Visitor: 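Below you will find the structure I want to go over with you.
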Amino acid sequence: MSVLVQAPPEVNPLQDPLRFERRVPPCAIVIFGASGDLSKRKLLPSLYRLFYERRISPDFAVIGSSRTPMSDDQFRERMKESVSKFLEEAPFDEDVWKSFAQCLFYVPGDLNVPSSYDDIRSKLAEVEKSHRTADNVLFYLSTQPSHYAEAILELGAHQLNTGKGWRRVIIEKPFGHDLQSARKLNDEIHKVFDESAIYRIDHYLGKETVQNILAFRFGNGIFEPLWNRRYVDHIQITAAESIGVEGRGGYYQEAGALRDMIQNHLSQVMATVMMEPPTVFDATNVRDERAKLLRAVRVMKHEDVPKYAVAGQYGPALVGGQQVPGFRQEPSVDPDSQTETYAAVTFFIDNWRWAGTPVYIRTGKRMPKRVTDIAIQFKAPPLGLFQQETKTGLREVRPNLLVLRIQPEEGISLRFLSKSPGSGMRLRPVSMDFNYGSSFGERSPTAYETLLLDAMIGDPTLYTRQDMVEASWQIVQPILDVWANSKFYFPNYPAGSWGPKAADDMLAQQGHVWRIP
Ligand code: BG6
């Protein structure tokens with residue numbers, strides 16, 4: 001007996017741009033690359049968590065697909081193992097899992113083989129009936145990036161891009177390998193999907209603390225008047241990781257730190273910190289402002305790259321009593337690899353608000369600790385009324401510093417000077433701190449939970465748009481060009497350190513120093 005499924009009216013995210021009361025429509029999610037790491041570590045745990053909290057419609061199904069032959073039950077068993085292992089700060093509940101597992105299906109297939117798409121189509125028709133998915137379909141491309149274009153063209157060739165319900169596609173990073181390939185990929189995808197159906201994921205935009213930057217800036221009246229070149233001396237964005245390449249040597253060797261972190265995550269963070277206020281908080285306006293900021297970043301001349309960009313690669317070292325291999329000794333890495341595991345860049349934003357204020361971005365593997373933060377360093381007061389003379393000259397002034405901590409100790413601190421107790425006017429830096437954990441005392445959703453939910457609802461605010469992606473490739477492209485033709489004397493920093501000396505010299509040119517986060 002066939003069941004007539006009445007699709008509920010689609011939720012219009014524009015009617016709830018602040019995302020309070022959003023109803024999630026029924027849908028099927030097709031994950032290509034379902035046996036991969038991302039699926040195990042992030043996608044399935046996030047979907048389970050959303051299901052557990054009843055934040056998604058019970059009328060939903062997940063169809064995993066990859067080349068590994070598996071039955072539905074084997075897929076469910078595998079995913080159960082991963083979900084219970086990778087659930088972040090959340091309990092695993094056997095009963096909830098049983099209901100969730102009933103929504104999981106598996107279709108073995110090869111993206112290069114056209115019949116695989118027919119199998120997906122049949123499964124979609126099945127779950128539309130059994131799970132009342134209303135023919136709404138979200139495709140998730142979590143495969144080798146070299147297969148993105150081909151998979152999307154095949155979806156088009158098999159008319160999987162249209163139907164009674166909606167069709168959307170989430171595309172994982174990296175989106176292209178350089179500006180030219182990103183443009184080409186956009187062109188290919190647009191042959192099949194309209195821009196409004198394309199969700200390019202950048203998980204940093206889904207992080208609570210990154211979203212909070214907008215709340216902090218535009219929900220309060222006192223910071224924005226200071227948020228410009230008149231008061232801000234410079235900005236430092238740091239994303240340090242203590243881990244190495246963790247078995248991803250093959251991928252990382254092709255990518256490098258600039259592509260892996262700066263072109264996408266950290267450019268988007270920079271855009272969030274420095275964009276103009278949107279007139280309305282909705283997908284179009286927020287993304288317009290991010291795109292405008294990225295377009296205002298000065299594109300370096302090739303001859304300026306050595307002055308404004310530094311590459312590093314870690315060498316072996318003893319870290320915390322343990323011998324750590326250098327990058328060149330990692331599995332699947334070329335013993336003479338010229339790939340950077342550390343990158344530091346100086347950007348200038350050529351717009352009215354930020355002209356002349358440098359933004360320093362650095363990221364690296366095998367740094368002393370895992371920390372991502374943004375430090376806004378304000379200018380010193382015009383007169384050093386309280387400056388003291390010491391034997392070695394004037395004591396260093398510690399200007400105000402506002403630190404937005406993205407992870408791991410999520411929060412915000414403001415450093416200012418205060419009088420030390422005693423008869424003299426001796427000043428000492430102190431800080432006012434906001435800590436997410438203790439202020440709210442509740443778990444924040446993970447970035448993937450937020451982003452998956454948004455895609456199901458049809459809210460692309462936290463996804464990147466074609467113009468944003470192309471603009472962020474544009475600003476790193478000269479660096480990629482010059483580095484591709486450079487010979488580096490790697491390794492140039494030992495594992496467990498804050499990176500190469502050249503990165504300190506880069507800041508010293510402007511009279512600045514990296515802070516130790
Ligand atoms: C990924 C990069 O996109 O982001 C990884 O490919 C990196 O190399 C990771 O480790 C960092 O993400 P997070 O959320 O742990 O800061």
Side-chain angles (χ1 to χ4, degrees), residues 33 36-43 45-46 86-89 140-146 148 170-177 182 199-213 237-270 272 311-314 327 330-333 337 339-343 361-374 404-411 436 443-452 462-464 469 472-473 476 495 499 517:
D37 230 36
L38 184 77
S39 185
K40 286 192 259 183
R41 285 173 184 271
K42 301 286 182 194
L43 304 184
S46 303
F86 294 114
L87 258 190
E88 287 174 30
E89 306 164 41
Y140 199 117
L141 289 187
S142 163
T143 60
Q144 290 281 347
S146 53
Y148 291 165
I170 300 186
I171 303 173
E172 259 301 327
K173 65 166 276 248
F175 193 90
H177 192 69
Y199 287 66
R200 298 174 194 78
I201 200 163
D202 186 310
H203 78 279
Y204 265 58
L205 289 179
K207 287 181 190 274
E208 286 283 298
T209 39
V210 173
Q211 294 182 63
N212 189 42
I213 297 172
I237 301 177
T238 300
E241 294 184 275
S242 52
I243 53 171
V245 288
E246 305 294 288
R248 293 161 77 224
Y251 151 77
Y252 200 85
Q253 165 148 285
E254 295 305 312
L258 188 65
R259 284 191 179 89
D260 189 49
M261 292 292 291
I262 297 186
Q263 180 274 326
N264 37 64
H265 307 321
L266 302 180
S267 303
Q268 295 303 331
V269 169
M270 171 172 73
T272 309
Q313 188 194 80
Y314 63 85
F327 178 63
E330 297 275 6
S332 321
V333 174
S337 174
T339 300
E340 82 287 355
T341 58
Y342 172 99
I361 302 187
R362 64 177 157 168
T363 184
K365 300 277 185 197
R366 290 271 185 232
M367 309 256 95
K369 62 177 183 178
R370 172 175 182 252
V371 58
T372 302
D373 67 18
I374 301 137
L404 309 170
R405 294 192 307 274
I406 305 298
Q407 59 194 26
E409 280 148 24
E410 292 84 356
Y436 245 85
R443 189 191 80 98
S444 300
T446 63
Y448 275 94
E449 284 169 36
T450 301
L451 293 168
L452 280 163
L462 303 177
Y463 282 86
T464 60
V469 170
S472 58
W473 274 115
V476 298

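For clarity, every value in this text was computed on a predicted model and none was experimentally measured. Both counts, for ligands and for their atoms, begin at 1 and track the order of listing.
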Visitor: How far is atom 11 (C) of ligand 1 from the closest protein heavy atom, and which atom is that?
Guide: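 Answer, as residue, atom name and distance: E241 OE2, 3.9 Å.
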
Visitor: Give the atom numbers and elements of ligand 1 that come within less than 4.0 Å of a heavy atom of K365.
Guide: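 Here the atoms of ligand 1 in question are 5 (C), 7 (C), 8 (O), 10 (O).
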
Visitor: Can you name the atoms of ligand 1, numbered from 1 with element, that are less than 4.0 Å from a heavy atom of D260?
Guide: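 Answer, ordered by atom number: 2 (C), 5 (C), 6 (O), 8 (O).
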
Visitor: Answer yes if the side chains of D260 and Y251 hold a donor-acceptor pair under 3.5 Å, and no otherwise.
Guide: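 Looking only at side-chain atoms, Y251 and D260 do form a donor-acceptor pair, the distance falling under 3.5 Å.
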
Visitor: Can you tell me how far the CD atom of E449 sits from the CD atom of E208, to the nearest 0.5 Å?
Guide: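 If I round to the nearest 0.5 Å, the distance is 9.5 Å.
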
Visitor: Looking only at the side chains, is there a donor atom on one of Q263 and S472 sitting less than 3.5 Å from an acceptor on the other?
Guide: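 On atom types as modelled, these side chains qualify, holding a pair under 3.5 Å.
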
Visitor: Would you mind listing which atoms of ligand 1 come within a distance below 4.0 Å of any non-hydrogen atom of H203?
Guide: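 Numbered from 1, ligand 1 contributes 3 (O), 4 (O), 12 (O), 13 (P), 14 (O).
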
Visitor: Do the non-hydrogen side-chain atoms of L205 and Y463 ever get within less than 4.5 Å of each other?
Guide: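 The answer is no; the side chains never approach within 4.5 Å.
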
Visitor: Looking only at the side chains, is there a donor atom on one of S242 and R370 sitting less than 3.5 Å from an acceptor on the other?
Guide: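 R370 and S242 do not have a side-chain donor-acceptor pair below 3.5 Å.
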
Visitor: For the residue pair Y204 and H265, does the interplanar ring angle fall in the parallel (under 30°), tilted (30 to 60°) or perpendicular (over 60°) class?
Guide: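 Ring orientation, 0 to 90° scale: parallel.
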
Visitor: Give the numbers and elements of all ligand 1 atoms closer than 4.0 Å to a heavy atom of R370.
Guide: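 Counting from 1, the qualifying ligand atoms are 15 (O).
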
Visitor: Among protein heavy atoms, which sits nearest to atom 16 (O) of ligand 1, and what does the distance come to when rounded to 0.1 Å?
Guide: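 Going atom by atom, the protein heavy atom closest to atom 16 (O) of ligand 1 ends up being Y204 OH, 2.5 Å.
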
Visitor: May I ask you to list the atoms of ligand 1 that are less than 4.0 angstrom from any heavy atom of Q407?
Guide: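 This gives 13 (P), 16 (O) as the contact atoms.
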
Visitor: What atoms of ligand 1 come closer than 4.0 angstrom to any heavy atom of K207?
Guide: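 Those atoms are 13 (P), 14 (O), 16 (O).
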
Visitor: Please could you name the atoms of ligand 1 that K173 approaches to less than 4.0 Å, counting only its heavy atoms?
Guide: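 Checking each atom against K173, I get 1 (C), 2 (C), 3 (O), 6 (O).
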
Visitor: Which of the numbered atoms in ligand 1 are under 4.0 angstrom from any heavy atom belonging to R248?
Guide: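 Within the 4.0 Å cut-off of R248, ligand 1 contributes 2 (C), 5 (C), 6 (O), 8 (O).
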
Visitor: Consider only side-chain N and O atoms of Y140 and E172, and report whether a donor and an acceptor are under 3.5 Å apart.
Guide: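 Checked: Y140/E172 side chains pair up, N/O donor to acceptor below 3.5 Å.
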
